[in-house]
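Taking it in order: structure first as structure tokens, then the write-up.
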Number of protein chains: 2
Amino acid sequence: MNSKCEQIKKQLIDMIDQGIYRIGEQLPSEIHMSKQFQVSRETFRGALKMLEEEGRILVKHGVGTFVIRPLPPIKSTLERLHSSSEMIRSAGLTESESMISLAKLPCPEEAAERLGIVSGTPVYILERIRKANDEPVMLSINYLPVHLFGIGFEQPTFSGSLLQFVESKLGVSVNRADTEICVPLHIDRNCQQLLQYPQTTVLLLKQLHYDEGNRPVFYSLDYMRNDVFTFHLRRTR
Amino acid sequence: MNSKCEQIKKQLIDMIDQGIYRIGEQLPSEIHMSKQFQVSRETFRGALKMLEEEGRILVKHGVGTFVIRPLPPIKSTLERLHSSSEMIRSAGLTESESMISLAKLPCPEEAAERLGIVSGTPVYILERIRKANDEPVMLSINYLPVHLFGIGFEQPTFSGSLLQFVESKLGVSVNRADTEICVPLHIDRNCQQLLQYPQTTVLLLKQLHYDEGNRPVFYSLDYMRNDVFTFHLRRTR
DNA sequence: CAGTGGTCTAGACCACCGC
DNA sequence: CGGTGGTCTAGACCACTGC
């Protein structure tokens, strides 16, 4: 994508970084700027809209547009949907080993409810302990309805992302997920496998993944060590 | 705001709900539809864009636009910035009492670093235990730089939202926050005050709030009982 | 190739703000 | 009131997809 809007946006960022427009300063009017950049006003406004969403400018109706202080870069973000593998990489870790167990079993109640299937329907349950530097850092349990993943799941050859596997081998693209963030109880068996040190705490992400038609694809429990992973979020009103 | 785009959007949703356009079905082309609704194509596309962001339609370049299954409503969301008071209300609770302590003290290191001030700079530290049904459900600690909140903070009369107070009394509008989600250690003093029952767990939100110019305004630690509050998030690729 | 959505345009008019 | 941003328009041309 190299739309004119994006080009203008980059130019504006460069100009701000170079100090041509300073923080706090008001930009010339949209009509003026669009003529200067030799694009239509709507196109120029497209660039402004992106900058506004990124929090680099403040647009005041009837007043003007102002350059503001850029927000600090965010480390890892929960806003975008990433695979667990990506989260491990973005934590600066290299996944060393992952113990896998795969079984076809009746679906437990919680997963069934979230998936919108009848409790007891057969699902593949994929369980992985993921290690970095020979230490367990994450435990994932995935519930995949057999009726969606019939064949092609008998001898899966993962070395990484389940999202990618599902996408490439089964042609199902996962675009969205509903995530519940919770703190597991200490007596939770799964949680205990990660509690290595006294200062270790564990966070649990319960996620329902949807395909492009918003149909539930699989449900997952991701137990993640909070002394290894950080969870950030930029919230807006 | 009652722009034409929004009106068209509502009409489309109504038509989908009424079954005029069914899930999975392809909509007529944009040109066709815009004529039918008697608006320009760009205006009609504005409505489509909103529906796409809400996950109600799937737009495929060169192919067409399709109605998809609506996502389930989300309970409480972390995506948008709300005050703690709002979070309590949206959990279906009524705040009964809040014990307040306010002191002017040198800023501790972590808060100072996040606020971008020198450790030891004087800050107001506002600490509140918030109760519902006579039980503590949340503990908030707020760090507010004295140089921003000089006067007007000596005898604050809260009964609710700090965000609202800061906005109305001091004229600073808070638009964004960077939030880190973490699990406190069990030996954390603040956390312990909320651990009422064996099945109680506590989640900690560390938040840096920015004004409309992206200047840090205050830093807060919110300890929240996870058996009382749920934390949801809709993630997109 | 025909039909779809994606982008851009030049211009119009409206809504808001400060003087 | 004049200047700003917000919305809408009719039309053009491009990019992608499936046949």
Side-chain angles (χ1 to χ4, degrees), chain A residues 1-12 15-16 21-22 24-68 167 171-173 175 211-213 236-237, chain B residues 1-12 15-16 21-22 24-68 167 171 173 175 212-213 236-237:
Chain A
M1 291 293 192
N2 267 331
S3 64
K4 275 195 188 177
C5 288
E6 277 169 341
Q7 291 173 30
I8 301 284
K9 177 193 146 194
K10 280 170 195 158
Q11 288 182 49
L12 285 170
M15 292 171 85
I16 293 170
Y21 299 117
R22 296 177 187 283
E25 199 175 326
Q26 178 172 358
L27 294 180
S29 75
E30 292 176 352
I31 292 177
H32 188 97
M33 294 283 273
S34 58
K35 278 178 187 156
Q36 185 179 324
F37 282 93
Q38 305 199 343
V39 295
S40 74
R41 189 180 155 213
E42 283 294 352
T43 302
F44 185 76
R45 276 173 62 79
L48 289 188
K49 197 181 176 197
M50 284 188 277
L51 290 172
E52 191 181 16
E53 279 164 5
E54 290 176 29
R56 307 243 4 184
I57 59 172
L58 176 64
V59 182
K60 295 187 188 180
H61 188 181
V63 182
T65 302
F66 302 84
V67 180
I68 55 178
E167 208 147 320
V172 179
S173 80
N175 296 320
D211 71 4
E212 59 173 23
T236 312
R237 275 234 260 210
Chain B
M1 291 296 192
N2 267 330
S3 64
K4 274 195 187 176
C5 287
E6 277 169 339
Q7 291 174 30
I8 300 284
K9 179 194 144 194
K10 280 170 195 159
Q11 287 183 48
L12 284 170
M15 292 171 84
I16 293 170
Y21 298 116
R22 296 178 187 283
E25 197 175 327
Q26 178 172 358
L27 295 180
S29 75
E30 294 177 352
I31 292 177
H32 189 98
M33 294 284 271
S34 57
K35 278 178 187 156
Q36 187 180 324
F37 282 93
Q38 306 199 343
V39 294
S40 75
R41 189 178 155 214
E42 283 294 351
T43 302
F44 186 75
R45 277 173 62 76
L48 289 188
K49 197 182 175 197
M50 285 187 279
L51 290 172
E52 191 182 15
E53 280 164 4
E54 289 175 30
R56 306 241 6 182
I57 59 173
L58 176 64
V59 182
K60 295 186 188 179
H61 188 181
V63 183
T65 301
F66 303 84
V67 180
I68 56 178
E167 208 148 320
S173 80
N175 296 319
E212 59 173 23
T236 312
R237 274 234 260 210

Can you tell me which residue pairs pass the salt bridge (charged side-chain N to carboxylate O under 4.0 Å, His left out) test with a partner in residues 25-44 of chain B, sequence neighbours excluded?
B:Glu30-B:Arg41, B:Glu30-B:Arg45
Round to a whole Å and report the spacing from NZ of B:Lys49 to C1' of D:dT7.
14 Å
Is the CD atom of A:Gln38 crowded by more than 12 outside heavy atoms at less than 6.0 Å?
no
Just how far, in rounded Å, is C1' of C:dT4 from CD1 of B:Ile57?
14 Å
Under the rule for salt bridge (Lys or Arg N to Asp or Glu O under 4.0 Å), what residues qualify as partners of A:Glu167, not counting sequence neighbours?
B:Arg237
A:Gln38 has an atom CD; how far is it from atom C1' of C:dT9, in whole Å?
14 Å
Rounded to whole Å, please give me the gap between NZ in A:Lys4 and C1' in D:dC13.
11 Å
Does C:dT9 have OP1 or OP2 sitting under 4.0 Å from an N or O in the side chain of A:Thr43?
yes
Reported CG-to-CE distance for the pair B:Leu48 and B:Met33, which is rounded to 0.5 angstrom
7.0 Å
So what is the end-to-end bend of the helix from C:dC1-D:dG18 to C:dG18-D:dC1, with 5 pairs used at each end and the value given to 10 degrees?
10°
Output one letter per nucleotide in nucleotides 1-6 of chain D: B when a protein non-hydrogen atom lies under 4.0 Å from the base, S when only the sugar-phosphate is that close, - when neither is.
--BBBB
Hits for side chain to side chain donor-acceptor pair (under 3.5 Å) against B:Ser34, two or more places apart or cross-chain, chain-then-number order -> none
Between atom CG of B:Leu12 and atom OH of B:Tyr21, what is the distance when rounded to the nearest 0.5 Å?
7.5 Å
Rounded to whole angstrom units, what separation is found between the CG atom of A:Leu58 and the P atom of C:dC17?
13 Å
Which atom pairs, one a donor and one an acceptor, fall under 3.5 Å between side chains of residues 50-62 of chain B and the rest of the protein, sequence neighbours left out?
{"residue": "B:Glu54", "atom": "OE2", "partner": "B:Lys9", "partner atom": "NZ", "Å": "2.8"}

From CZ (B:Phe66) to CD (A:Glu212), nearest 0.5 Å:
9.5 Å
Whole angstrom value for the distance that separates C1' of C:dG3 from CE of B:Met33
16 Å
Starting at CZ of A:Phe44, measure out to CD of A:Gln36 and round the result to the nearest 0.5 Å.
8.5 Å
Check the distance between D:dT7's C1' and B:Met50's CE and give it to me in whole angstrom.
12 Å
Expressed as a whole number of angstroms, how long is the span from A:Glu42:CD to C:dC8:P?
11 Å
